[in-house]
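Reviewing the structure listed below.
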Amino acid sequence: MSGDTTMFHGLSGKTRSDGPASAEIERRGGAGVRETKDTAMLFPEDAVRFWGEQAEALVSWSEGWSSVLSGEKEMSSVRWFDGAKLNVAYNCIDRHLARGRKNKAALIWQGDCNDDVRVFTYQMLHMEVSRFANVLKKYGVKKGDRVVIYLPMIPELPIAMLACARIGATHSVVFAGFSAVSLRQRIEDCGARLVITADHVVRGGKVLPLKTHIDQALSTLSQVLNCIVVKRGDGDVSMQEGRDLWYHREINCIDILPECEPEEMAADDPLFILYTSGSTGKPKGVVHCCGGYLVYTLYSCQYVFALHEDDTYWCTADIGWITGHTCTVYGPLGLGATTLMFEGIPSYPGPDRFWQIVEKYGVSIFYTAPTVIRALMRYGNEPAEIHDLSSLRILGSVGAPLNTDAWKWYNTVIGQELLPIMDTWWQTETGGIMISSLPELGGGQGCAGGKPLPGVDAVILDENGQEASVGVTGSLVIRHPWPGMLTGLFGDGREYLVNYYQKFPGMFFTGDSGCRNANGCLAITGRLDDVITISGHRIGTAEVESALVSHTSVAEAAVVAMPHPVKGQAIYAYVSVKDDVGQDDQLIEELKSHVRKQIGAIATPDVIQVAGGLPKTRSGKIMRRVLRKIAAKEYNDFGDTSALADPSIISDLIACRKNEA
Ligand code: WT7
């Protein structure tokens, strides 16, 4: 493949150079980034030229495009880089070999136990990915086939993703914390014939079974022909003859060649499907394509973090979420950087684990979520103070609003009031970071919000579709296409349109609310739909409700978000039980465990209130705002409740809430 360009091109513009703090930042490699001016860009004219330039500078193509953006009339059906060809794995590995990065660490893996470390240079990653790509081919995986990857945070996870990308298969990574039921649903929906998993998960000093979830998922699903199992633990697992194969045996097979020619892919061929929650009971399979996704991923990572050749970049998110796809795998590897991957948890073996890792590897860019910051704050300052954190250059946050207390702690204790904090807003659908605080723009000064990246037309609109005034909360909308936008929902054209492009016709509605402040920064405040953000993870209230009502004792369920000091939001469930069911603590525990089994631990309700009845309007609609208020222990100003069929239910629910611990 041709089209070689230098990786660290013109984005790393000015850095601040005033005062002693800036001198220290300079010494560490600069705060990074960017032109200080607001980028006034005309859409679509300037944007099209801009994205064409970015695509040329950041990605190696085997064939150029006939048009950067086509079909602009309908934002929901635009195509990026029509006619262009590329391979994403080639961009993330092969091209770096020729750029003097053959022996550079591409991936540093820190296991749960401090002594467990694996490092892959770009050369080693090339070999491992190529071999595994050949294993996939051997078992019949072809371009366009879907492969489900259900792996914990071990190197084989990015290796499997890149192997799929190399041969043009579409991967769908399912977070290993999801239950067998959720896993089955996703395998079935995307029609995968091959799945990749591990025998066990190692986390926080514990070894937990994983393969059993696959067995359970596949027990009623005949479409899967093969299951490749990575060995991570020591215990026995059952392997089904003819279907299940050990990763280490397959990859070391004598007939597996170390070379695998990257498949030439069209820019709009799918790269992956990632399931995420919406307002419906069924998770949506968000599809991202090779060309647009890679361009936007490399652009946004480079723009926000201004990667340098010697950076060690650590994004703490699990690769099972979009953050890990973009910021642990495709972003840093596409840019030829060194990415760090951690198997364990922040509190094991001690509360200083994250800072010990930062010191051990000289991490320069640290990217995490507000929930992690809040959890770490609770241990006090000492765990951070006993480690040398002077390698850090940029801090980042993503996944939920960064509250003032968490920002202050991050800024003083970790950042020494010196490092820029990038509060980044984006979502599974956007592919890469869309809005970020930038030091030069007065972002990073607390929770002031951020600015859309150049090329991104993000605005806050009021109910009438007009731009909301300063300080007024409205809907966060993206008015023009950007290369990282989702290209569809797997297997569903209609729902896609309804979900994203209907509320503000012809524009992408994010589902979030926010407001613009006087300096033009956008502060994102939370979801407008029935989605709860727990520890930065999205769960639809409808999903939890349908899990609850699938239990034999439950007649009806209504789920709302409740404020939580560490997770940001937690799940509060109101259930009414069937007539013959007694109410006791055992039932509550059973319902919690039922939801865990149906969806996964992240969806476990924090509180389940067994209610005599739910507040419904005469037309049968549950009045959720009332339930949200009671869950938040706000017992007045319920607004107009005259539509309720039985208003006395409210006082019953309040009495019950007051009785809880
Ligand atoms: C939702 C997306 C790629 C992000 C990880 C989660 C919320 C994300 C912020 C932020 C306030 C944020 C939004 C968004 N969110 N970043 N900086 N400030 N809220 O990806 O699972 O697709 O969730 O996370 O509500 O819509 P996701």
Side-chain angles (χ1 to χ4, degrees), residues 173-175 177-178 272-279 283-288 293 296-297 300-301 304 315-331 367-374 395-404 406-407 410 421-438 443-444 446-453 458 460 473 475-478 484-486 489 499-500 508-515 521-540 543 561 567-569 600 602-603:
V173 179
V174 177
F175 171 56
F178 276 122
F272 64 83
I273 302 168
L274 188 58
Y275 286 86
T276 187
S277 294
S279 354
K284 315 177 278 191
V286 169
V287 180
H288 281 288
Y293 172 79
Y296 196 74
T297 288
S300 61
C301 285
V304 175
C315 161
T316 69
D318 193 287
I319 293 175
W321 310 101
I322 190 71
T323 321
H325 276 57
T326 299
C327 298
T328 303
V329 184
Y330 291 116
Y367 190 35
T368 195
T371 182
V372 173
I373 300 168
R374 290 190 291 258
L395 302 175
S397 171
V398 60
L402 181 59
N403 54 306
T404 310
W407 184 86
Y410 206 25
I421 296 179
M422 307 301 187
D423 178 7
T424 61
W425 177 92
W426 53 302
Q427 44 183 205
T428 308
E429 291 85 343
T430 69
I433 299 166
M434 300 288 277
I435 299 175
S436 173
S437 47
L438 303 173
C447 307
K451 292 249 176 165
L453 269 53
I460 308 287
T473 301
S475 304
L476 176 64
V477 170
I478 319 292
M485 62 198 288
L486 78 166
L489 294 178
N499 264 313
Y500 300 107
F508 178 84
F509 174 47
T510 62
D512 279 317
S513 63
C515 74
C521 285
L522 308 180
I524 312 306
T525 38
R527 300 288 305 192
L528 285 167
D529 51 8
D530 293 322
V531 168
I532 307 183
T533 312
I534 309 147
S535 303
H537 299 140
R538 258 157 84 171
I539 291 292
E543 278 173 70
K567 300 185 208 176
Q569 291 190 323
I602 50 162

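One-based numbering, in listed order, for ligands and for the atoms of each.
Ring geometry for W321 versus H537: interplanar angle under 30°, hence parallel rather than tilted (30 to 60°). Between H288 and Y293, the two ring planes are tilted [angle within 30° to 60°].
Here the side chain of Y410 pairs a donor or acceptor atom with the backbone of G396 at under 3.5 angstrom. For Q569 (side chain) and T533 (main-chain N/O), a donor-acceptor pair under 3.5 Å exists by modelled atom type. Listed for the S437 side chain is a donor-acceptor partner under 3.5 Å among the backbone atoms of D423.
Protein residues with any heavy atom under 4.0 Å from ligand 1: I322, T323, V398, G399, A400, P401, D423, T424, W425, W426, Q427, T428, D512, I524, R527, G536, R538.
Residue S277 comes nearest to V531 through the heavy atom pair O-CG2, 4.2 Å, listed as atom of the first residue, atom of the second, then distance.
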